[in-house]
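Written below as structure tokens is the structure these notes are about.
Residue numbers start from 1 in every chain, and the chains themselves are labelled A, B, ... in the order their sequence lines are given, proteins ahead of strands.
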2 protein chains.
Amino acid sequence: MIPEDHPRYRSLQVREHLARCAAEGILSLEGLTAHGRGEAFDYLIGEKTMESALRAERAAAALLLCAERPVISVNGNTAALAAGSIALLQQASNAAVEVNLFHRTEERTRKITTLLKHHGVRVEEGEAEKLLPLSHDRALCLQSGIFAADVILVPLEDGDRCQALRQMGKTVITIDLNPLSRTARSASLTIVDELTRALPHITTFCSTLGKKEAALLAGTIYQNHFLEDALVEMKKVLTHALD
Amino acid sequence: MIPEDHPRYRSLQVREHLARCAAEGILSLEGLTAHGRGEAFDYLIGEKTMESALRAERAAAALLLCAERPVISVNGNTAALAAGSIALLQQASNAAVEVNLFHRTEERTRKITTLLKHHGVRVEEGEAEKLLPLSHDRALCLQSGIFAADVILVPLEDGDRCQALRQMGKTVITIDLNPLSRTARSASLTIVDELTRALPHITTFCSTLGKKEAALLAGTIYQNHFLEDALVEMKKVLTHALD
């Protein structure tokens, strides 16, 4: 039990929730470590949505709205943290949702699918095939889902898979708190923000952006600006840290 | 299974090892998240021992050598990552070793004690009592261990407990990759380095420092310099990140 007077109470509560999800087999144990990594970078942007991240979220909404076949790829961490938000984003963007895991097991895929459905997500299902240019099981995806997609929103993605998707000519939007990660640097658009803050923003923009405005935004993504802004923000936090 | 050609193979392997330790009940699930947090900061110092961290490790050795009753406080993460290194440091420093956990259970304390003994650590044992000025079980420690210590090396410590130990007048050395954490900022001496790199360095210095030199070093700890140097290094990494 975390005492409520602990200064990091909220953060510790999220950790406890994720630990329960791991115990239930939703989250991989490695996913817990990955979450911690994100936490640290969130700390360095002040645990709030930066102005430039909000612009990236608006651009993400535009890309999803202008896509022919938008897909949201969901892993264990995303499902554990934000199943409800995924449902709302799906409604607003009309994207397909595919469960796609780094530490893939049939059992975990099934559990995550059940959790998402419970929150009202329509989940793409079927037999995954080795369709991505990657070794091992990480090549697996659905023909009707990620393989057919032109725009993929894939929060908290592995760097290798992000690069493979890009090589296939897909537009990849990622949500990644580490602006230096291979994922952040190889995606078409990187949102440097915490998942549960980012998703509702994208959903709001999906509901409010007009068609013309969306087309205009989707045509001009300044990916490097978003990464640079995040680095500048982190340096600011480090500079004033010991004041 | 992590493919060996993955660019983050080593980091992912450590995560897998820790996941196994968590499954065995050595590490708490929350400890996995805490590890990830450290990973992020290690990334920002280039995943190597900084010059200033090496100086801090030398100072830590001096403090341990000059102590009347040095104690090393070991938690699940430390045991999982570095049980063998703790044994060697104990030999070189003659410190007592106490198992002291944030997410404390009798079972986990027992498992960690067994693991440490298996690696040749002499572990302080007995009935823990509420001797620290903290709420809940986190007040528990051994009368003959942490309570009686004048110098405590406590890697990866919680901020509250670090402050409580300082209030009791103890010299607290911590190993913490986050120079901004409450632990890092309230310890007497903070080593901003990764645990498995830091411990062997301290052990080496314990074996090579002369008595006079150790006394001189122990008398003049420039704690703030160590923290500032780490922040400067992190800013450098962020500045050159997109080059």
Side-chain angles (χ1 to χ4, degrees), chain A residues 1-8 11-12 14-16 18-23 27-44 102-103 134-138 158-160 177-182 185 224 227-228 230-242, chain B residues 1-8 11-12 14-16 18-23 27-44 102-103 134-138 158-160 177-182 185 224 227-228 230-242:
Chain A
M1 261 253 306
I2 308 296
E4 277 187 42
D5 60 355
H6 196 289
R8 301 288 307 163
S11 160
L12 293 170
V14 173
R15 287 192 198 176
E16 274 203 345
L18 290 180
R20 271 194 304 277
C21 289
L27 200 64
S28 73
L29 291 174
E30 291 80 0
L32 289 176
T33 312
H35 174 74
R37 198 159 164 141
E39 266 186 7
F41 285 105
D42 198 19
Y43 195 85
L44 290 179
F102 186 75
H103 294 277
L134 283 169
S135 60
H136 296 269
D137 280 0
R138 299 179 307 136
D158 171 59
D160 275 9
L177 280 157
N178 178 2
L180 306 179
S181 75
R182 288 177 309 123
R185 296 172 68 169
N224 273 345
L227 297 182
E228 277 160 18
L231 293 172
V232 167
E233 188 65 30
M234 288 180 179
K235 282 198 280 185
K236 252 193 244 163
V237 170
L238 289 174
T239 301
H240 299 296
L242 296 182
Chain B
M1 262 255 306
I2 309 298
E4 278 186 41
D5 59 355
H6 196 289
R8 301 289 306 164
S11 160
L12 292 169
V14 173
R15 285 193 197 177
E16 274 202 345
L18 291 180
R20 271 195 305 276
C21 288
L27 201 64
S28 72
L29 292 175
E30 290 80 2
L32 290 174
T33 315
H35 175 75
R37 207 161 159 132
E39 267 186 5
F41 286 102
D42 198 19
Y43 198 85
L44 289 180
F102 185 75
H103 294 276
L134 285 168
S135 60
H136 296 270
D137 279 1
R138 298 180 306 136
D158 171 60
D160 276 8
L177 279 157
N178 178 1
L180 307 178
S181 74
R182 288 177 308 124
R185 296 171 69 168
N224 274 344
L227 297 181
E228 277 159 19
L231 293 171
V232 167
E233 187 65 31
M234 288 180 179
K235 281 196 281 184
K236 252 194 244 163
V237 170
L238 289 173
T239 300
H240 299 297
L242 297 182

Query raised in the report: Can you say whether B:T239 sits under 4.5 Å from chain A via the side chain, the backbone, both, or neither, judging by heavy atoms?
Result: both
Query raised in the report: Which region of A:L44, side chain (C-beta onward) or backbone (N, CA, C, O), has a non-hydrogen atom less than 4.5 Å from a non-hydrogen atom of chain B, or is it both or neither?
Result: side chain
Report task. Find out whether A:V232 and B:L238 are in side-chain contact, i.e. whether some heavy atom of one side chain is under 4.5 Å from a heavy atom of the other. Result -> no
Query raised in the report: From A:H103 NE2 over to B:E16 CD, what is the distance, rounded to the nearest 0.5 angstrom?
Result: 6.0 Å
Query raised in the report: Got a sec, which residues hit side-chain hydrogen bond (donor to acceptor under 3.5 Å, both in side chains) with B:D42, two or more places apart in sequence or on another chain?
Result: B:R197
Requested in this report: Supply the atom-to-atom distance B:F41 CZ to A:Y43 OH, rounded to the nearest 0.5 angstrom.
Outcome: 7.0 Å
Query raised in the report: Can you name the side-chain hydrogen bond (donor to acceptor under 3.5 Å, both in side chains) partners of B:S181, sequence neighbours left out?
Result: B:D176
Report task. Give, for atom CD of A:E30 and atom CG of B:L32, the distance between the pair rounded to the nearest 0.5 Å. Result -> 8.0 Å
Report task. Walk me through it: do B:L18 and A:L29 pass the test side-chain contact (heavy atoms from CB on, under 4.5 Å)? Result -> CA-CA 8 Å; B:L18 291 180; A:L29 291 174; over 6 Å; no
Report summary line: Here the gap from A:E39 atom CD to B:N178 atom CG, rounded to the nearest 0.5 Å, amounts to 11.0 Å
Query raised in the report: Considering only heavy atoms from C-beta outward, does the side chain of A:S11 approach that of B:R37 to under 4.5 Å?
Result: yes
